[in-house]
Amino acid sequence: MAAAELRILEHGEELAREAAEFVAWIGEQAITSRGAFRIALSGGSTPKALHAQLAANHATRLDWSQVCFFFSDERCVAPDHTDSNFRMANETLLVPLKIATSKIFRLHGEEDPAQAARQYEETIRAEFATAAPAWPRFDLILLGLGDDGHTASLFAGTPALHQQQRLVVPTQAPQGPKQRLTFTAPLINQAHTVAFLVSGADKASAVRTVLEDRAANPKTIPAKLITPASGRLVWFMDRAAAAGLTMEQQRVVSNEE
Ligand code: 6PG
């Protein structure tokens, strides 16, 4: 497992710009080497600035017709609900980039959670042509970080954290929309690249715990479960989110792709 690469940017807008460059670069590499770019989008609010950068500055950079969009988690609501991660991505990225619906694979939050999870696993396996027990390998999985250390919809103390076979499971959140659907840690850890996007001082404590507190228990800080088996792990943060890190870590501002 490779060490996490830290990319610390001055503020949220610069973080979004750098992350957009990275997404486009990973996409180019994936299309060149594998003929397609399969990406899983993150939920929450942080990705909105990234989506705006991609839509505004990368519309012609990448052959978006070769990109398949998945979601690393979803709230169990209708796709037009204000809490829907699909709705946020659709409004800020998929519609602006004119992505064909055939290239958009959303989690059906409006359906029975257990059935929706199974259905999504079948969809993923079909799109990757990867039958069980092999693991589909996303080109890029984008993740956020909650101030409690959750990521995707992997929350402390939930059975989802112990899943070692499933790709996608129903779960519950302690706050916000309760019923969720989420990628499991083993699926995330099979990705070629995993990128966290974290912005804001309210995340500084969770960032320090995940990246520097070796004693912290992954079952209480689920983002610590994200340790790609052979892929890259990159953390895009603004200075406010990185403020809790030791000085050595904060000096890491990598510009290599
Ligand atoms: C969700 C997300 C969740 C999110 C973090 C950070 O469905 O809410 O997948 O994991 O990424 O909670 O959210 P913000 O970007 O809004 O801080």
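In each ligand, atom 1 is the first atom listed, and ligand 1 is the first ligand listed.
At a 3.5 angstrom cut-off on N or O pairs, Leu145 does not count as close to ligand 1. Considering backbone and side-chain atoms alike, Asn85 places an N or O below 3.5 Å from some N or O of ligand 1. At a 3.5 angstrom cut-off on N or O pairs, Thr151 does not count as close to ligand 1.
Of the possible polar contacts, none joining the Thr158 side chain to the Ala156 backbone as a donor-acceptor pair under 3.5 Å is found. In terms of modelled atom types and a separation under 3.5 Å, the side chain of Glu18 and the main chain of Leu9 share no donor-acceptor contact. Counting only distance, with no hydrogens or angles, the side chain of Thr151 and the backbone of Gly144 share a donor-acceptor pair below 3.5 Å. Ser72 contributes no side-chain N or O that, together with a main-chain N or O of Phe183, makes up a donor-acceptor pair within less than 3.5 Å.
Ring planes of Trp235 and Phe196: parallel class, angle under 30° (limits at 30 and 60°).
Counting atoms of ligand 1 from 1 in the listed order, those under 4.0 Å from a heavy atom of Ser45 are 14 (P), 15 (O), 16 (O). Close approach to Asp73 involves these atoms of ligand 1, each under 4.0 Å from a residue heavy atom: 1 (C), 2 (C), 7 (O), 9 (O). Heavy-atom proximity to Arg180, at under 4.0 Å, picks out these atoms of ligand 1: 1 (C), 7 (O), 8 (O).
In this structure, atom 4 (C) of ligand 1 lies nearest to the protein heavy atom Gly43 O, 4.0 Å. Looking at atom 13 (O) of ligand 1, its nearest protein heavy atom turns out to be Gly44 CA, 3.9 Å. Distance from atom 8 (O) of ligand 1 to its nearest protein heavy atom, with residue and atom name: Arg75 NH2, 2.8 Å. Protein heavy atom at the shortest distance from atom 10 (O) of ligand 1 is Ala152 O, 2.6 Å. Nearest protein neighbour of atom 17 (O) of ligand 1, counting heavy atoms only, is Lys203 NZ, 2.6 Å. Among protein heavy atoms, atom 12 (O) of ligand 1 sits closest to His150 NE2, 2.8 Å. When only non-hydrogen protein atoms are considered, atom 11 (O) of ligand 1 lies nearest to Gly144 CA, 3.3 Å.
Scored by the side chain to side chain contact (heavy atoms under 4.5 Å, CB included) test, Gln53 finds Glu13, Ala16, Arg17, Ala20, Asn57 as partners (sequence neighbours excluded).
In summary, the aromatic rings of Phe105 and Phe69 are positioned with their centroids too far apart to meet the 6.0 Å limit.
Note on ligand 1: Glu74 sits outside its first shell, no heavy atom being nearer than 4.0 Å.
Contacts with ligand 1 closer than 4.0 Å are made by heavy atoms of both the backbone and the side chain of Thr46. In Ser42, the part holding a heavy atom less than 4.0 Å from any atom of ligand 1 is the side chain. Contact annotation: for Ser72 versus ligand 1, there are no heavy atoms closer than 4.0 Å.
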Donor-acceptor contacts under 3.5 Å from residues 198-209 side chains, at least two apart:
from, atom 1, to, atom 2, distance (Å)
Ser199, OG, Asp238, OD2, 2.6
Lys203, NZ, Leu145, O, 2.8
Thr209, OG1, Ser205, O, 2.9

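Ion pairing of Glu111 with Arg118 is absent here, as no side-chain N (NZ or NE/NH1/NH2) approaches a carboxylate O to less than 4.0 Å. Remark: Glu91 does not engage Lys48 in a salt bridge, criterion side-chain N to carboxylate O under 4.0 Å.
Exactly one of Arg38, Arg34, Arg232 qualifies for a side chain to side chain contact (heavy atoms under 4.5 Å, CB included) with His192. That residue is Arg34.
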